[in-house]
Amino acid sequence: MDSHHPSPEYSSLLLAGPRAGALKQAHARLVVTGHSRSLPLITKLATLAVAAGAAPLLSAALPFSSFTFTAVAKACADLSAIRTGTAIHTHSILLGFGSDRFVLTSLLVLYSKCGQLGVARKLFDSIRDRSVVAWNAMISGYEQNGLAERGIEVYKEMQAAKVVPDSMTFVATLSACAQAGALDLGREVEKRIVSERMDISVFLGSALVNMYARCGVVDKARRWFDALQERNVVTWTSMIAGYGMHGHGHEAIKLFHLMRREGPPPNHITFIAVLSACAHSGLVMEGRDAFACMKRIYGLVPRVEHYCSMVDMFGRAGLLDEAMQFISDYMPGEPGPEVWTAVLGACKMHKNFNLGVEVAERLIALEPENPSYHVLLSNIYALSGKMHHVEKVRNTMIKRRLKKQIGFSLIELGGISHLFRMGEMSHPQTTEIYQYLEELIHRISAAGYIPETESVLHELEEEEREGALRYHGEKLAVAYGLMMSVGSTTPIRVIKNLRICGDCHLAIKFMSAVENREIVVRDKHRFHHFKVGKCSCLEYW
DNA sequence: TTAGGGTTAG
C-alpha cells in the first residue's frame, strides 16, 4: 500500500475513527472487498477498536489464513461439531478460501466424520489438482461410514487418474477391503506394497493382518502378524478378533495369553474380542478369567459391550440362569436392549420359549419401532409352533410399516462382484444358475438334506414365504460360484449382509460335502467355513 | 507450519 496516497479502505477506517459502530461497518467493508488479510489495514482497525473500547471486535478482525481454517475445521471434526463446522465452511467461502485445497480437504474430513458423505463428496469433486491426501481422506471417509464399496471405487478412480498412492492410501484401501470382504483387491494391494518394497509401518502391518483376518484367510493374517517388526495393541487385537470370528477360540486365548506375557497391555476392545471368542467357542471358564483380570489387573472398567459378551457367552453355553444372575449381580443400572438381545439369542438357541417371549416383549416395549425385535419375537413363536402368534406379529409389522432389512449375498469372481437377493432374476446367467442350484438341491437331498422348514416361518413378507428358502441369496451365490469353477479347488467365498439362516447353513454344509469344496460364508457377524459337511462355527452362532 | 490412517459386537 502506498502510504502517501491512502487507499479508499484506509480512508474509510480513518473516517470511522474510534467509534465501535462505524468501525464494524468499515471492517465489513474490508471483508467484502477482500482486504481482510491486509496487515496494515487490520493493524489500524485494531488500534482504533482498542481506542473505542471495542476490543472484542478485535478477535474477529485477526487476519485469516488457510491455517486458521484447517485448524478450526480439524477441531470441529474431532468434536463432531457440525454446526460450528458449517459456519466455518461459510466463513471460509466469504473470506476467499473457497477453493483452497487445504481448507477444502479439512472440510471434507469434517463432513465425512459427521456422516455427511454427500457434502464430503461434493467438496472432493470441487478440489482442483487433488492431492493424495484428499484422495485418501475420501477413501477412508467412505470406509469409516460403512460404505466400503464406495471407498474401493474411489481407490480405482485414483488408479485410473494415475495419482501416486502412499502408505496411507493402502491402509485406507485395505480397511475398505476388510469391511467389504474384497479379498482379491486386498491381495492386489498387498502385492503392490511388497513389490514396491514399501516400509511396513505398524499401521500398514495392522491393516494387512486385519484385511486377511476379516476376509477369512486367518493363517495368512497370522503369517503377517508373525513377520511384522512392530506390533501394537491394535495389531494384537485384530489377530485375536480374527481367530474369534472364525471360531478358533483356543487360538484366540493362546494369543491373548502371549499378549499378556510379552505384548502391550490389552485395552477395552481387546477384551471384547477375547470375550466374544470365548462366547463362540464355549470357553466359559476362560471368559470368566478374562473378565476378572480386566478389572483387577488392567484397571479397565467393563462397559455395556463387555457385559453383553458375558451374557452372550453364558447364554450360548446354555447357562441361562447364570446369564440372568450375572445381569442382576454385576450390571450397574437398568440393563439396556443390547443385553436383552443377547439373552433372547440364547433363548432361541436353547428353545426356552417362555423366557424368550418375555424378553422379546420387553424389547419391543423398549423400542417399538425397531423391526428386528419383532422379527426375533416371531422367530421365537415360530420355533415354539405358535403360528397364530407369528401371524399376529406379522400383522403388527405391516400395520406399523416396519420393514426388515433386505438380505443379499455377494460373490467375487475375477475381481467382479455379483449380487444375489432372494429369488434374484437379473443376473445374465439366471437360467443356468437356477438350473445348477436345482441339481445341487437334488444331490444334497439324496445325501440326506431335509429343508429346515422352521426357517421359512421366519420370513415375514408374503412373497418371501413362497418357496423362499430354496432361492435365498446365499444359495444362489454359492451355486453360481460352484458352477463357474467346476474342477477347481479354491474355496468359494460368499459375503452376506445379514445373518445366514438355519436352512442355508444346513444346505451349504451338505454342498461342501457333495461338491467336496471348501465354502466360506461371511455373514453379518461371523465366518462360516464349510468343509466336508461341517462348519467351523460348531453351531455357535 | 496447514489436510488423511489400523481394532470390538449385536
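All chains are named by letter (A, B, ...) in the order of the sequence lines, taking the proteins before the strands, and each is independently numbered beginning at 1.
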Please step through side-chain contact (heavy atoms from CB on, under 4.5 Å) for the pair A:Tyr373 and A:Leu377, ending with a clear verdict.
CA-CA 6 Å; A:Tyr373 298 150; A:Leu377 179 61; over 6 Å; no

Between A:Val109 and A:Ser106, does the side-chain contact (heavy atoms from CB on, under 4.5 Å) criterion hold? Intermediate values first, please.
CA-CA 5 Å; A:Val109 173; A:Ser106 65; 5.7 Å; no

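Of the possible polar contacts, one joining the A:Arg526 side chain to the A:Gly244 backbone as a donor-acceptor pair under 3.5 Å is found.
Note on ring orientation: taking the six-membered ring where Trp is involved, the planes of A:His248 and A:Tyr243 are tilted (angle from 30° to 60°). Using a 30° and 60° split on the angle between ring planes, A:His268 and A:His306 fall in the tilted class, from 30° to 60°. Classified by interplanar angle (parallel below 30°, tilted 30° to 60°, perpendicular above 60°), the ring pair A:Phe291/A:Phe326 is perpendicular.
Spacing between atom CD1 of A:Ile240 and atom P of B:dT7 amounts to 15 Å, rounded to whole angstrom units. Look at CG on A:Leu275: it is 15 Å from P on B:dT8, rounded to the nearest Å. For A:Leu228 and B:dT7, the CG to P distance is 14 Å, given to the nearest whole Å. The separation between A:Glu367 atom CD and B:dG10 atom P is 17 Å, rounded to whole Å. Note: CZ (A:Arg101) to P (B:dA3) measures 13 Å, nearest angstrom. A:Met138 places its CE atom 13 Å from the P atom of B:dG5, with the value rounded to the nearest Å. In this entry the distance linking CZ of A:Phe102 with P of B:dT1 reads 11 Å, nearest Å. The distance from atom CG of A:Asn497 to atom C1' of B:dG10 is 15 Å, rounded to the nearest whole Å.
Checked against B:dG5, B:dT8, B:dT2, the side chain of A:Arg214 finds its nearest nucleotide in B:dT8. Distances were taken from every side-chain heavy atom of A:Asn267 (C-beta onward) to each of B:dT8, B:dT7, B:dT1; the shortest belongs to B:dT7. Comparing B:dG6, B:dA3, B:dG10 by their closest approach to the side chain of A:Thr235 singles out B:dG6. For A:Gln144, counting side-chain heavy atoms from C-beta on, the closest listed nucleotide (B:dG10, B:dT7, B:dG6) is B:dG6. Side chain of A:Phe67, nearest nucleotide from B:dT7, B:dT1, B:dG5: B:dT1. Closest to the side chain of A:Val109, from the set B:dG10, B:dA3, B:dT7, is B:dA3. Checked against B:dA3, B:dG6, B:dT7, the side chain of A:Ser131 finds its nearest nucleotide in B:dA3. Looking at the side chain of A:Met245, the nearest of the listed nucleotides B:dT2, B:dA9, B:dG6 is B:dA9. Candidate nucleotides B:dA3, B:dG10, B:dG5 were compared by shortest atom distance to the side chain of A:Met168, and B:dG5 ranks first.
Within 4.0 Å of A:Ser201, counting heavy atoms only, lies at least one base atom of the nucleic acid. Looking at heavy-atom distances under 4.0 Å, A:Val274 makes no contact with the nucleic acid at all. As judged by a 4.0 angstrom heavy-atom cut-off over every strand, A:Glu230 is placed among residues making no nucleic acid contact. The residue A:Arg130 sits apart from the nucleic acid: no heavy atom pair falls under 4.0 Å. At the heavy-atom level, A:Ala241 lies under 4.0 Å from the strands shown only through sugar-phosphate atoms. Across all strands shown, A:Lys74 has heavy atoms under 4.0 Å from sugar-phosphate atoms exclusively, and none from any base. Contact annotation for A:Val133: base contact, defined as any heavy-atom pair under 4.0 Å involving a base atom.
Residue A:His268 places none of its side-chain N or O atoms closer than 4.0 Å to OP1 or OP2 of B:dA9. The side chain of A:Asn210 places an N or O atom within less than 4.0 Å of a non-bridging phosphate oxygen (OP1 or OP2) of B:dT7. Residue A:Lys113 places at least one side-chain N or O closer than 4.0 Å to OP1 or OP2 of B:dG5. In this model, the phosphate group of B:dG6 is not approached by any side-chain N or O of A:Arg231 to a distance below 4.0 Å at OP1 or OP2.
Scanning both residues, A:Arg522 and A:Ala178, for their nearest heavy atoms gives NH1-O, 2.7 Å.
You'll find the ring centres of A:Phe530 and A:His505 inside the 6.0 Å limit.
In terms of polar N and O atoms assigned as donor or acceptor, the side chain of A:Ser276 never comes within less than 3.5 Å of the base of B:dT8 in a complementary pairing.
Between A:Glu190 and A:Lys220 there is a salt bridge, with a side-chain nitrogen of the basic residue lying less than 4.0 Å from a carboxylate oxygen of the acidic one. Using a cutoff of 4.0 Å between basic side-chain nitrogens and carboxylate oxygens, A:Glu188 and A:Arg192 are not scored as salt-bridged. Between A:Arg499 and A:Asp523, at least one side-chain nitrogen of the basic residue sits less than 4.0 Å from a carboxylate oxygen of the acidic one, meeting the salt-bridge criterion.
A heavy atom lying under 4.0 Å from DNA chain B marks the following residues of residues 283-314 of chain A, by number: A:Glu305, A:Asp312. Within a heavy-atom distance below 4.0 Å of DNA chain B, no residue of residues 178-186 of chain A is found.
For A:Arg187, the salt bridge (charged side-chain N to carboxylate O under 4.0 Å, His left out) test picks out no residue, with sequence neighbours left out.
The aromatic ring of A:Phe69 does not sit over the base of B:dT2, since the test of centres under 5.5 Å and planes under 30° is not met.
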